[in-house]
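Here is the naming used below: chain letters follow the sequence lines, and residue numbers restart at 1 for every chain. Below, each value reflects all heavy atoms present in this structure, side chains not excepted, and no hydrogens, waters or symmetry copies.
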There are 2 protein chains.
Amino acid sequence: MPERKSKSARVTLVDVARKSGFSPSTVSIVLSEAPLSRYVAAQTKERIRKTAQALGYRPDIFARSLRSRHSNTIGVLVFDISDPFCVFILKGIEKTLHPTQYLPILMDAHHERKQFERYLDLLMERRVEALIVVANWLFDEGKSLAGLREKKMPLVVVGQDVSKKHIGSVTVDNEAGGYEAMKHLYEFGHRQIAVIRGPAKLSDSQLRWDGMQRFASEYGLRLDPRRIRQLSDTLDPISGFEGGVQLTEELIRSRLKFTGLVAFDDLTALGAVRALARTGRSAPQDCSVIGFDDVPLAALSTPGLTTIRQPMEEMGSLATRRVLDVLREADESREVTPDLQLLPPSLVLRDSTARPS
Amino acid sequence: MPERKSKSARVTLVDVARKSGFSPSTVSIVLSEAPLSRYVAAQTKERIRKTAQALGYRPDIFARSLRSRHSNTIGVLVFDISDPFCVFILKGIEKTLHPTQYLPILMDAHHERKQFERYLDLLMERRVEALIVVANWLFDEGKSLAGLREKKMPLVVVGQDVSKKHIGSVTVDNEAGGYEAMKHLYEFGHRQIAVIRGPAKLSDSQLRWDGMQRFASEYGLRLDPRRIRQLSDTLDPISGFEGGVQLTEELIRSRLKFTGLVAFDDLTALGAVRALARTGRSAPQDCSVIGFDDVPLAALSTPGLTTIRQPMEEMGSLATRRVLDVLREADESREVTPDLQLLPPSLVLRDSTARPS
DNA sequence: ACAGGATATTCAATCGTTTTAATACAATCG
DNA sequence: CGATTGTATTAAAACGATTGAATATCCTGT
């Protein structure tokens, strides 16, 4: 007599139990490697695993999560996935999460506040156990995020410093980066250096500028305010490029000589390169240009863009390890003081900078 | 006397039922807008919704999915998220899914076959109701994917044509694109045109080349085989750039004159631009260069890259609508013949092409 | 006055796990 | 020898929703 025909294709834990001759409890304990499995005879484990394999059993994650109160997922909320800045952070997150039990659930806020809130909500609904926010730009989502602290949801923001709101943050050391950028041009022999600062609302902008000023004062370099420009506060990530083009053209029209230019980021730098070309100049012959970030484009443009690299994959990885740490200490959760972690930038030398001619 | 203190913060459907004075069934029916809610008095609905709101009730998706057998998720498996080609396809998918009940779950195979299989598995485990595969490059995942057909899982591949395996596919019309690229250079007056074809293993390569040949034969243009090169079959998406540099340098060294170059894709084109620059030439003055794809970089490089645009967002959107259609017809699932849908490419004119001097 | 349909609500079973407490037996201890 | 401890397994109660069948009431037409 054939075994009773299963009406649905679904193989359940009870099926495995029946077939293997043990109770559902035991099967569950073995297959989910619960603490109690310490007491299960090796032989039993073996047999259960074999039959599970043979039947092609796959646990139902919904039933499992419902009962165990664990979703085994971590929410990743990114501000704009089309910003090349994000992608390698995501890679870092993913690689770090890969060997763990956790699965990342990725949401893209498309740079819109409403979307951000909505997806944040959706992630809560999906019962993620922790949250990583990848924010290249940030308005004042602090409010939405602060609410999470009360729910004891582990949270780290990467790319922006919100440690003042007692939210764990991972960023590059922007101040050091600004310092390095300026230093690089200075060491090549540039003395008349223009700067395109980032949007005022972005904390990165000030920090990078601080670094440049620190270098200038340490080395007795004068940064003429007339050679300093600032990007406007638009939110579009691409606007850095347009801004770079315009502000560089302005600088050129001002007739004030400059042999080097520190751009806020790579997109701005590419804009500068474009502006130089439009006016019959070129980098680095007529003006050295250095960017910030080291987005993938930087290596592919001509000339290859010299830039200050953010260790993006490492940033993603670090952020991930932080939330994992919190998750592990679950109950004893010592309420680890959420603080800022800075990663060092590094200079990537390509072809857009050279000695002044 | 205060109401009984809830021991957990969790508000459940039963709580709403108690508080509103209706049974859990009714509450469920109302809040999930089940068919039966047609019969529920408007007043009742109102009251239930109000108390749910007041209590801050959020349904438990695990319980819900467990019982209803619906995950309300759609898997999106991308080959390599750092390929700029993908990003806008993802945007298209997301935007199309946004107004629906479905949530995309994104996985990145990191260009590795093993990862691909693993994530495919994970998505099945998560009980996604449909699958969209975003494949810029594709080995022969046909096998893994064919298995899905048997499980009646709606599936569409975007970016590669696997319609021969009876798998729904959405791609750009590569043949037409190749035709257009060649036509553009021809109309500018170029007659000595070099071509860097794509890797042999990529079906795109042949199709684009077919289109170029068709144009050539229609217009009596001779494509000298000595001006034709082909990228090697490496899998790294960035390799297009390196390949572009090398093959263009080869072409230049060959002393064979060419005033225009059709590159396989934008990265290859950027490589060509780099090679020209290295040898003291420049686009478009010494040689017009046209790419394919219109990745974000294309607009930001200097010179801006003339290219054949793939309507990426539209491709993502179309793919999504296709799986949604299948999901809607759930039971009557007429087993819609999975076939290929082609979207038209378009010429984007920038600064890397011009009349020959 | 009653069958039968439409409206409005509820009962109770169920989805597939995990987990707590219980059972059964063997070994060890004082 | 009774009590304790440690192994090995299981029974049964959750987890929080959905759903098919059942109940109850109200119309409406004949």
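- Put simply, the side chain of A:D83 never gets that close to the backbone of A:D80: no donor and acceptor are under 3.5 Å apart.
- Taking the charged nitrogens against the carboxylate oxygens, B:D15 and B:R18 do have a contact shorter than 4.0 Å, which makes a salt bridge.
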Look for any protein N or O under 3.5 Å of an N or O in nucleotides 6-10 of chain D and output each such pair with its distance, or none.
from   : atom 1 : to    : atom 2 : distance (Å)
D:dA8  : OP2    : A:Y39 : O      : 3.3
D:dA8  : O5'    : A:Y39 : O      : 3.2
D:dT9  : OP1    : A:T44 : OG1    : 3.0
D:dT9  : OP2    : A:A41 : N      : 3.0
D:dT9  : OP2    : A:T44 : OG1    : 3.1
D:dT10 : OP2    : A:S23 : N      : 3.0
D:dT10 : OP2    : A:S23 : OG     : 3.3
D:dT10 : OP2    : A:T26 : OG1    : 2.7

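- Residue B:S32 is in sugar-phosphate contact alone, with no base atom involved, counting any heavy-atom pair closer than 4.0 Å across all strands shown.
- A close approach under 4.0 Å does occur between a side-chain nitrogen or oxygen of B:T12 and OP1 or OP2 of D:dA17.
- Atoms CG (A:D60) and P (C:dT18) sit 10 Å apart, rounded to a whole Å.
- The nearest whole Å value for the distance from the NE2 atom in B:H70 to the P atom in C:dC15 is 16 Å.
- Taking B:L90 as the reference, A:I81, B:V76, B:I81, B:I93, B:L106, B:V134 meet the side chain to side chain contact (heavy atoms under 4.5 Å, CB included) condition, with sequence neighbours excluded.
- Residue B:N72 contributes atom CG, which lies 11 Å from atom P of D:dT18 at whole-angstrom precision.
- Atoms CZ (B:R18) and P (C:dT10) sit 15 Å apart, rounded to a whole Å.
- In plain terms, the two heavy atoms of B:V11 and B:L55 that are nearest each other are CG2-O, 3.4 Å.
- B:S169 contributes no side-chain N or O that, together with a main-chain N or O of B:V157, makes up a donor-acceptor pair within less than 3.5 Å.
- The 5' end of DNA chain C is approached more closely, in terms of each residue's nearest nucleotide, by A:F62 than by the other of A:F62 and A:R69.
- Residue B:S28 places at least one side-chain N or O under 4.0 Å from the OP1 or OP2 atom of D:dT18.
- We find that CZ of B:R47 is positioned 13 Å from C1' of C:dA8, with the value rounded to whole Å.
- The base of C:dT18 sits with one of its N or O atoms less than 3.5 Å from a complementary donor or acceptor on the side chain of A:R67.
- To the nearest angstrom, P of C:dT14 lies 22 Å from CZ of B:R64.
- Nucleotide C:dT19 holds its P atom 11 Å from the CG atom of A:L66, rounded to whole Å.
- Contact check, B:Y57 against D:dG16: no side-chain N or O comes under 4.0 Å of OP1 or OP2.
- Within the structure, the salt bridge (Lys or Arg N to Asp or Glu O under 4.0 Å) test picks out the following pairs touching residues 62-73 of chain B (sequence neighbours left out): A:D60-B:R69.
- One atom, CD1 of A:I61, and another, P of C:dC15, lie 18 Å apart when rounded to the nearest Å.
- Closest approach of A:S71 and A:R126 over heavy atoms only: CB-O, 4.0 Å.
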